[in-house]
Amino acid sequence: MPRGPDGRGALLVAHYSGVVTIRLYDTSARQIRDFTPLAPGCVSIYLCGATVQAAPHIGHIRSGLSFDVMRRWFAYRGYDVTFVRNVTDIDDKIIRKAAEQKRPWWSIAYENERAFDDGYTALGCLPPTYEPRATGHVPEMIEMMRSLIERGHAYEADGNVYFDVRSLPGYLSLSNQDLDDLRQPSEEGETGKRDPRDFAMWKAVKPGEPSWETPWGRGRPGWHLECSAMAHKYLGAAFDIHGGGIDLIFPHHENEIAQARGFGDEFARYWVHNGWVTMSGEKMSKSLGNSVLVSEMVKQWRPIVLRYYLGTPHYRSTIEYSEDALREAESAFARIEGFVQRVVEKAGRVEPAAEVPPAFAEAMDDDLGVPQALAVIHTTVRQGNSALAADDKEAAVARLAEVRAMLGVLGLDPLDPHWAGEGDRGEDLHGVVDSLVRLVLQQREAARARKDWATADAIRDQLNQSGLVIEDSPQGPRWSLGPR
């Protein structure tokens with residue numbers, strides 16, 4: 001079922017109207033290429049979304065977050081963005097889970113789809129323009145198979161429909177494999193193949209499994225067919241960017257290309273893949289038992305800190321998960337957030353600048369160089385802190401305006417309404433804690449006034465042990481949450 005953007009989509013507004021050259025690493029070309037859109041001023045993106053057999057871990061969410069940053073940057077640069085992120089709500093894994101748990105397959109799929117939605121929302125990902133489910137597009141899949149059979153690229157056998165990989169010149173060009181050495185993943189029941197390298201687009205019905213009627217008998221779609229059909233439905237015969245994790249290059253994306261090209265589509269013009277989140281050098285996955293569920297992580301860490309941790313390394317890099325790395329991210333973001341809070345306290349609310357600094361834009365234009373862009377943010381924060389120390393309010397406000405503009409592009413502006421109620425009742429709890437802490441600070445100030453330094457220091461130490469950082473300023477003491 002397609003779902004359109006909600007009110008948060010209003011954040012995607014154009015800020016730049018000059019000549020723009022964005023460069024992206026194209027997996028199919030194996031190099032960074034200048035981005036040239038199919039339609040001037042527009043960009044179309046298809047992202048392989050969740051296979052909803054289980055709740056998401058942070059490795060799953062990283063992909064959505066990486067392409068959220070891409071989508072935000074294109075929008076900032078003035079493009080009209082159409083962003084499609086599908087939901088795979090029927091596949092072998094979901095069916096196996098249903099059998100193991102003795103539950104309907106659709107119940108498992110919907111429960112986990114909601115968990116993914118919650119994870120994306122918690123980490124500040126903007127809603128896609130469309131979010132189609134595979135099960136809502138079986139007619140489009142049947143039409144694609146019928147055409148592929150007529151064109152000689154596919155065939156029916158034992159109620160299954162297979163793609164003939166030898167029928168399409170250029171097959172495996174994305175993954176750069178040799179057809180003679182190919183080992184195609186295969187599932188039980190895939191009988192009647194002319195060549196073991198052919199892959200299933202449609203799988204004949206098995207007892208107890210969901211199925212749909214087709215000209216070749218009842219059955220269910222294969223994983224690869226789903227995305228080819230949905231991309232064509234929502235973005236047409238050609239679109240700009242296809243995204244996903246590097247683990248999808250083969251077989252999924254390679255087989256998507258084969259189906260689409262055999263159908264007559266040009267399909268995607270750029271292929272962009274994000275890196276993994278690993279633990280002990282292994283890809284984070286349910287099967288390895290090393291996943292870190294988003295629903296649990298947001299109870300331990302502020303969601304904006306998780307976004308900083310997952311979204312600030314380069315999207316093509318591997319993130320090695322550790323709590324130490326998360327604590328470093330928390331401390332780094334606290335330095336940015338502390339600067340924002342200090343300027344707001346001194347000058348009131350400051351609106352984001354109309355444009356980001358040129359060095360930040362240059363970094364983002366160069367294959368979404370977020371680490372280099374982040375360095376510009378930290379440099380600007382240091383300049384702003386120096387202005388505060390010199391009591392140069394005008395300069396501090398100017399730096400904050402730039403910082404907010406840059407953080408907004410990355411989805412990390414702590415003053416954005418999305419983060420205002422972080423942690424459900426975060427705003428209410430902040431007010432309660434603020435009142436309690438100020439009572440304690442008044443006792444500390446009274447002790448300092450009577451030169452009872454031991455008591456004043458003891459109060460400050462106790463607050464520090466509680467996780468609060470106390471800073472004495474010309475306007476009086478202020479508190480903030482320290483790194484854990």
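Positions are given from 1 along the sequence. All values reported here derive from a predicted model rather than from experimental measurement.
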Taking the six-membered ring for Trp, is the centroid-to-centroid distance between F263 and H232 below 6.0 Å? yes
For the atom pair CZ (F250) and CG (L172), what is the distance rounded to the nearest 0.5 Å? 6.0 Å
Just checking, is any N or O donor in the side chain of D26 or S28 under 3.5 Å from an acceptor N or O on the other one? yes
Classify the side-chain pair D34/T21 by whether it contains a donor and acceptor separated by less than 3.5 Å. no
Kindly state whether the ring of Y46 and the ring of F83 have centres lying under 6.0 angstrom apart. no
Would R316 and D367 pass as an ion pair if we require N to O under 4.0 Å? yes
Which residue, N255, I257, D164, forms the side-chain contact (heavy atoms from CB on, under 4.5 Å) with Y171? N255
Regarding D68 and R307, does a basic nitrogen lie under 4.0 Å from an acidic carboxylate oxygen? yes
Return the set of residues passing salt bridge (charged side-chain N to carboxylate O under 4.0 Å, His left out) with D413 (not counting sequence neighbours), or none when no residue passes. R404
Answer yes or no: is there an ion pair linking R133 with E113, defined by an N-O contact shorter than 4.0 Å? yes
Any chance the side chains of T214 and R218 put a donor and an acceptor closer than 3.5 Å? no
Between N86 and Y234, do the side chains contain a donor N or O and an acceptor N or O under 3.5 Å apart? no
Cation-pi check, R30 onto Y25 ring (under 6.0 Å, within 45° of axis): no
Taking the six-membered ring for Trp and the single ring otherwise, decide whether the centroids of H253 and H224 are under 6.0 Å apart. no
Distance only, no hydrogens: is a donor on one side chain within 3.5 Å (strictly under) of an acceptor on the other, for D365 and W73? yes
When you measure from the side chain of R269 to the backbone N and O of T36, does any donor-acceptor pair fall under 3.5 Å? yes
Test side-chain hydrogen bond (donor to acceptor under 3.5 Å, both in side chains) applied to S44 and D80, T129, T82, D240, the passing residue: D240
Give a yes-or-no answer on whether the side chains of T191 and D158 include a donor-acceptor pair shorter than 3.5 Å. yes
Regarding R302 and E337, does a basic nitrogen lie under 4.0 Å from an acidic carboxylate oxygen? yes
Please determine if R33 forms a cation-pi arrangement with Y270, meaning its NZ or CZ atom is less than 6.0 Å from the six-membered ring centre and no more than 45° off the ring axis. yes
Would a line drawn from the ring center of Y162 to the ring center of H153 be shorter than 6.0 Å? no
State, without any angle test, whether S175 and E254 hold a side-chain donor-acceptor pair at a distance under 3.5 Å. yes
